[in-house]
Visitor: 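Got a structure here, written out as structure tokens. Questions coming.
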Amino acid sequence: MTKKTRTRFAPSPTGFLHIGGARTALFNWLFARHSGGQFVLRIEDTDQTRSTDESTRAILDAMSWLGLDCDEGPHFQAQRVDLHREMVRKLIAEGKAYYCTCTAEELEAKRKAALAAGKKPKYDGTCRNKDLKKSAGSVVRFRGAQTGITIVEDLIKGNITFNNDELDDLIIERGDGYPTYNFAVVIDDALMNITHVIRGDDHVNNTPRQILLYQALGFAVPKFAHVPMILGSDKARLSKRHGATSVMAYKEMGFLPEALVNYLVRLGWAHGDQEIFSLQELIDLFSLDAVGKSPAVFNPEKLLWLNAHYIKGAKITRLAEEMKPLWPEGAKNADPEFTQKVIADMQPRAKTLLEMTTLADFYFVESINYANEAGQKFLLPEVLQHLKDIAEKLPALPDFSKAGIENFLKTFGEERNIKLKIIAQPLRVALTGKTVSPGIDEVMVTLGKDRVIKRINDAVRFIETRAKA
RNA sequence: GGUCCCAUCGUCUAGCGGUUAGGACGCUGGCCUCUCACGCCGGAAACCGGGGUUCAAACCCCCGUGGGACUACCA
């Protein structure tokens, strides 16, 4: 029987969850779900100076917003240092690691000198055979193999061969007694029975050292899969310079989590020509074979398109819930039923929830402010009488539904032999203050008869006032 | 500098020796239409270069070139 698949996502809590991390998490999560395995979350907080609880919370929030639930964790690496230290002692006892008293300053100087001389800046082995004892500020180094090769069998990139002499004696325990990343990650992945390490390909160069560590410790080496980076529009690694990179910033901008997930999964992974995937489809279809080797540029336009797609398909009640924090003050306390109608009107024409709230501002105001050009261009004396007549006839209209209004306007136009076109824009401006809006009939139904009549009368007054001036 | 990775439309990608090189975003022409959006129909747009291997190369190999990552007592 084969071991149950276990993947993990291991962010360091030194900031929010960013787009790249989210995709790594997503791939791990999908791979685990697809194979009926488990997904473990581990917070790598051994850097005491940079890690914060705040970041941990932010990461957890973002994961849960995306729907990436874990089966285990979060584990905290810093709480496992006893384990790490025990392994350090073991390696020292076996002669596979040694104490080193070279100071950071000395090392830095040597590194610079080597670089200046055009040589490789690796540790020169000063303390390698000194058989030093532990002392204040001493670090522990892994005694690496200096000959032979190490092959990383990568599920995405294929086999990658490294000469062991390229690998120097890396520090596994710092002067402050905490383990370094390359060591802790090996111990934890091994002890947590992680079977597949799926992570960013910025880690490929660390992998041979880690493999050597697994072997020195007597652990089974897991499978590795290195996912290519996500780049910004200038092809450099995605960073704040390129705009929003925090997952939660997308929530605040009015994106739906399924849109982000769908977008992210298509960065590097494909299933034929399919673009739209439900979460269940992703779980069924996801595989590492279909993950590409080359880096991908983050394209906000496509994300927007997907978001619009998911907004169109979402239930109104759900959108209403998601949009609660996004409304401006004036609309926040509106009648929920009214708000839902507004959302229904805007739903097919917005790319983000935030955009919906902005576009829908006119529904909630007491009286309309005509947009600069709109009032001047469409609220003209020529249409004055039409607007007056409509305002006059509306109270008697029995069926104030979309169909009823449509029919009313049609008849109205036929009676006086004018095209709907003639009256539509003025009416739109009267009702919304803009030249662009949802359909007149939709707006009227949502607004309700009373508000519609009031707004038309306001427009009538506006035209009369301007005519006098 | 060294090590490693990568290379199909502007972007995300399909392609896994024989295709009119397909789809999607974006751009664009048209239709629909009360504006906008949606939707529908059409268009422009790509195999980085050079050598091999082969009857045949976007696909395999080599060399260039270009990008990226790593090179910490960060993760």
Side-chain angles (χ1 to χ4, degrees), chain A residues 10-14 44-47 49-51 77 100 102-104 107-108 111 114-122 137-141 152 154 156-158 160-163 166-168 170-182 184-185 199-208 226 228-229 231 233 235-237 263 266-276 290 292-306 308 312 346-351 359 378 406 409 413 419-429 432 434-441:
Chain A
S12 64
T14 52
E44 309 228 321
D45 53 351
T46 49
D47 184 343
T49 55
R50 298 201 309 150
S51 300
Q77 195 161 54
C100 169
C102 297
T103 65
L107 260 16
E108 184 56 29
R111 206 180 348 261
L115 222 40
K119 284 194 272 197
K120 131 190 346 291
K122 64 182 248 187
S138 65
V139 302
V140 178
R141 282 184 187 273
V152 177
D154 194 278
I156 292 171
K157 299 186 184 270
I160 307 169
T161 306
F162 292 85
N163 277 314
E166 294 292 338
L167 283 21
D168 57 358
L170 79 163
I171 293 174
I172 58 177
E173 189 177 279
R174 298 190 285 230
D176 64 4
Y178 277 86
T180 54
Y181 165 74
N182 278 300
V185 74
R199 73 222 311 191
D201 76 1
D202 47 338
H203 287 284
V204 285
N205 285 298
N206 287 325
T207 310
H226 289 99
M229 301 275 87
L231 312 177
S233 48
K235 308 261 180 142
R237 187 176 176 156
Y263 179 70
R266 286 285 291 103
L267 241 35
W269 178 83
H271 183 258
D273 284 341
Q274 191 171 343
E275 293 288 349
I276 306 291
K293 297 178 180 183
S294 44
V297 174
F298 186 80
N299 178 223
E301 256 80 50
K302 191 160 180 183
L303 208 208
L304 239 20
W305 170 74
L306 276 163
K312 285 186 198 89
M346 303 311 303
Q347 186 178 22
R349 52 200 104 224
K351 287 189 156 70
L359 258 29
F378 293 104
E406 213 170 327
L409 288 175
K419 291 212 154 125
L420 183 55
K421 264 190 192 313
I422 306 294
I423 199 67
Q425 280 306 71
L427 207 43
R428 184 185 318 283
V429 174
T432 70
K434 314 175 194 212
T435 54
V436 170
S437 82
I440 299 285
D441 43 8

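Just so we're on the same page: letters track the sequence lines, and every chain starts at 1.
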Visitor: Which whole-number value in Å describes the distance from L231(A) CG to G10(B) P?
Guide: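 Result: 17 Å.
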
Visitor: Can you name the atoms? Protein N/O to nucleotides 72-75 of chain B N/O, anything below 3.5 Å, with the distance.
Guide:
from, atom 1, to, atom 2, distance (Å)
A72(B), OP2, R111(A), NH1, 3.2
C73(B), O2, G175(A), N, 2.6
C73(B), N4, C102(A), O, 3.4
C74(B), OP2, R174(A), NE, 3.2
C74(B), OP2, R174(A), NH1, 2.3
C74(B), O5', R174(A), NH1, 3.4
C74(B), O3', R174(A), NH1, 3.2
C74(B), O2', D47(A), OD2, 3.0
C74(B), O2', R50(A), NH2, 2.9
C74(B), O2, R50(A), NH2, 3.2
A75(B), OP1, T46(A), OG1, 2.9
A75(B), OP1, R174(A), NH1, 2.9
A75(B), OP2, Y181(A), N, 2.8
A75(B), O3', E44(A), OE1, 2.9
A75(B), O2', S12(A), OG, 3.3
A75(B), N6, N206(A), ND2, 3.0

Visitor: From the set U35(B), U13(B), C6(B), return the single nucleotide nearest to any side-chain atom of R349(A).
Guide: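 The closest nucleotide is U35(B).
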
Visitor: So does P300(A) get a backbone contact from the side chain of Y263(A), meaning a donor-acceptor N/O pair under 3.5 Å?
Guide: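 Looks like no, no N/O pair under 3.5 Å.
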
Visitor: Less than 4.5 Å apart, side chain to side chain, heavy atoms only: is that true for N205(A) and F162(A)?
Guide: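 N205(A) vs F162(A): side chains touch.
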
Visitor: D45(A): which residues meet the salt bridge (charged side-chain N to carboxylate O under 4.0 Å, His left out) condition with it, sequence neighbours left out?
Guide: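 D45(A) satisfies salt bridge (charged side-chain N to carboxylate O under 4.0 Å, His left out) with no residue once adjacent residues are dropped.
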
Visitor: Do the side-chain N or O atoms of K235(A) get closer than 4.0 angstrom to the phosphate oxygens (OP1, OP2) of U11(B)?
Guide: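 Affirmative; the distance criterion is met.
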
Visitor: Sub-3.5 Å donor-acceptor pair from the side chain of Q425(A) to the main-chain atoms of T435(A), do we have one?
Guide: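 The answer is yes, because a donor-acceptor pair under 3.5 Å joins these two groups.
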
Visitor: Could you tell me how far U11(B) sits from U65(B) if I compare only their P atoms? Round to whole Å.
Guide: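 Comparing P positions in U65(B) and U11(B) gives a spacing of 22 Å.
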
Visitor: For F162(A) and C4(B), what is the distance between atoms CZ and P respectively, to the nearest whole Å?
Guide: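 The answer, rounded to whole Å, is 7 Å.
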
Visitor: Using the C1' atom as the point on both nucleotides, what is the distance between A14(B) and C9(B), in whole Å?
Guide: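 Between the two C1' atoms, the distance is 13 Å.
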
Visitor: How far, in whole Å, is A46(B) from C34(B) if one measures between their P atoms?
Guide: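 After rounding to an integer number of Å, I get 39 Å for this pair.
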
Visitor: Find the distance L115(A):CG to C70(B):P and express it as a whole number of Å.
Guide: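 Value for this atom pair: 16 Å.
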
Visitor: List the residues meeting salt bridge (charged side-chain N to carboxylate O under 4.0 Å, His left out) with R349(A), not counting sequence neighbours, and say none if there are none.
Guide: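 With sequence neighbours excluded, R349(A) shows a salt bridge (charged side-chain N to carboxylate O under 4.0 Å, His left out) to E442(A), given in chain and number order.
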
Visitor: Please list, chain by chain and in numerical order, all residues satisfying side-chain hydrogen bond (donor to acceptor under 3.5 Å, both in side chains) with K157(A), sequence neighbours excluded.
Guide: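 Result, side-chain hydrogen bond (donor to acceptor under 3.5 Å, both in side chains) vs K157(A): D201(A).
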
Visitor: Hunt down the Watson-Crick or G-U wobble partner of U53(B), both distances under 3.5 Å, from any strand shown, or write none.
Guide: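 Looking at the geometry, U53(B) pairs with no nucleotide.
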
Visitor: Base, sugar-phosphate alone, or nothing: which one does S294(A) contact when heavy atoms must sit under 4.0 Å apart?
Guide: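 Contact class for S294(A): sugar-phosphate only.
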
Visitor: Does a nitrogen or oxygen in the side chain of K293(A) sit under 4.0 Å from OP1 or OP2 of C6(B)?
Guide: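 Affirmative; the distance criterion is met.
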
Visitor: Taking atom P in both G30(B) and A44(B), compute the distance separating them and give it to the nearest angstrom.
Guide: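 Pairwise P distance, G30(B) against A44(B), rounds to 16 Å.
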
Visitor: Measuring only the C1' atom in each nucleotide, how far is A7(B) from U13(B)? A whole number of Å is fine.
Guide: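 Rounded to whole Å, the distance is 14 Å.
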
Visitor: For T161(A), which residues count as a side-chain hydrogen bond (donor to acceptor under 3.5 Å, both in side chains) partner, sequence neighbours excluded?
Guide: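 Once residues adjacent in sequence are excluded, T161(A) has no partner under the side-chain hydrogen bond (donor to acceptor under 3.5 Å, both in side chains) criterion.
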
Visitor: So, the side chain of T180(A) versus the backbone of I171(A): is there a donor-acceptor pair under 3.5 Å, distance only?
Guide: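 Flag set: sc T180(A) to bb I171(A) pair under 3.5 Å.
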
Visitor: Provide, to the nearest angstrom, the distance between the NZ atom belonging to K119(A) and the C1' atom belonging to U71(B).
Guide: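 Taking NZ of K119(A) and C1' of U71(B), I get 17 Å after rounding.
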
Visitor: U71(B) P sits how many Å from E108(A) CD, rounded?
Guide: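 In whole Å, U71(B) P lies 13 Å from E108(A) CD.
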
Visitor: Have a look at K312(A) and say if it touches a base, only the backbone sugar-phosphate, or nothing, with a 4.0 Å heavy-atom cut-off.
Guide: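 Counting heavy atoms under 4.0 Å across all strands, the contact made by K312(A) is with sugar-phosphate only.
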
Visitor: Listed by chain and number, what are the salt bridge (charged side-chain N to carboxylate O under 4.0 Å, His left out) partners of K421(A), not counting sequence neighbours?
Guide: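 Scan of K421(A) (salt bridge (charged side-chain N to carboxylate O under 4.0 Å, His left out), adjacent residues dropped) gives none.
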
Visitor: Enumerate the salt bridge (Lys or Arg N to Asp or Glu O under 4.0 Å) contacts for residues 293-302 of chain A, please, sequence neighbours excluded, ordered by first and then second residue.
Guide: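 Every salt bridge (Lys or Arg N to Asp or Glu O under 4.0 Å) pair that includes a residue of residues 293-302 of chain A, provided the two are not neighbours, is E275(A)-K302(A).
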
Visitor: Rounded to whole angstrom units, what separation is found between the CE atom of M346(A) and the P atom of A37(B)?
Guide: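 After rounding, the gap between these two atoms is 13 Å.
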
Visitor: For nucleotides 18-34 of chain B, just jot down a letter per nucleotide in 5' to 3' order: B, S or -, based on protein non-hydrogen atoms under 4.0 Å.
Guide: ----BBBSS-------B

Visitor: Counting only Watson-Crick pairs (N1-N3 plus N6-O4 or O6-N4) and G-U wobbles (N1-O2, O6-N3), all under 3.5 Å, who is the partner of U65(B)?
Guide: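 Here U65(B) is engaged in a pair, and the nucleotide opposite it is A7(B).
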
Visitor: Sequence neighbours left out, what passes side-chain hydrogen bond (donor to acceptor under 3.5 Å, both in side chains) with R237(A)? Give chain and number order.
Guide: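 For R237(A), the residues satisfying side-chain hydrogen bond (donor to acceptor under 3.5 Å, both in side chains) (neighbours in sequence not counted) are D202(A).
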
Visitor: At under 4.0 Å between heavy atoms, what does Y263(A) touch on the DNA or RNA strands: base, sugar-phosphate, or nothing?
Guide: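 It contacts nothing in the nucleic acid.
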
Visitor: Output the rounded distance in Å from CZ (F378(A)) to P (U35(B)).
Guide: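 Rounded to the whole Å, the gap is 10 Å.
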
Visitor: Starting from the 5' end of RNA chain B, give me the residue, I160(A) or A350(A), whose nearest nucleotide shows up first.
Guide: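 The residue mapped nearer the 5' terminus is I160(A).
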
Visitor: Rounded to the nearest Å, what distance is computed from the CZ atom of residue R237(A) to the P atom of nucleotide U71(B)?
Guide: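 Whole-Å distance recorded here is 10 Å.
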
Visitor: When the P atoms of C27(B) and G49(B) are compared, how many Å lie between them, rounded to an integer?
Guide: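 29 Å, rounded to whole Å.
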
Visitor: Set out, line by line, the N/O atom pairs under 3.5 Å between protein and nucleotides 59-64 of chain B.
Guide:
none

Visitor: Restricting to side-chain hydrogen bond (donor to acceptor under 3.5 Å, both in side chains), what partner residues turn up for T207(A), sequence neighbours left out?
Guide: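 For T207(A) the side-chain hydrogen bond (donor to acceptor under 3.5 Å, both in side chains) partners, ignoring immediate neighbours, are R199(A), H226(A).
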
Visitor: For G200(A), which contact category applies under a 4.0 Å heavy-atom criterion: base, sugar-phosphate, or nothing?
Guide: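 No contact.
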
Visitor: In whole Å, what separates the P atom of C48(B) from that of G10(B)?
Guide: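 One P to the other, the span is 11 Å.
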
Visitor: Would you please name every residue forming a ring-ring contact (aromatic ring centres under 6.0 Å, His included) with Y181(A), sequence neighbours left out?
Guide: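 Listed in chain order: H203(A).
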
Visitor: Can you tell me how far C1' in U19(B) sits from the matching atom in U8(B), rounded to whole Å?
Guide: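 Between the two C1' atoms, the distance is 14 Å.
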
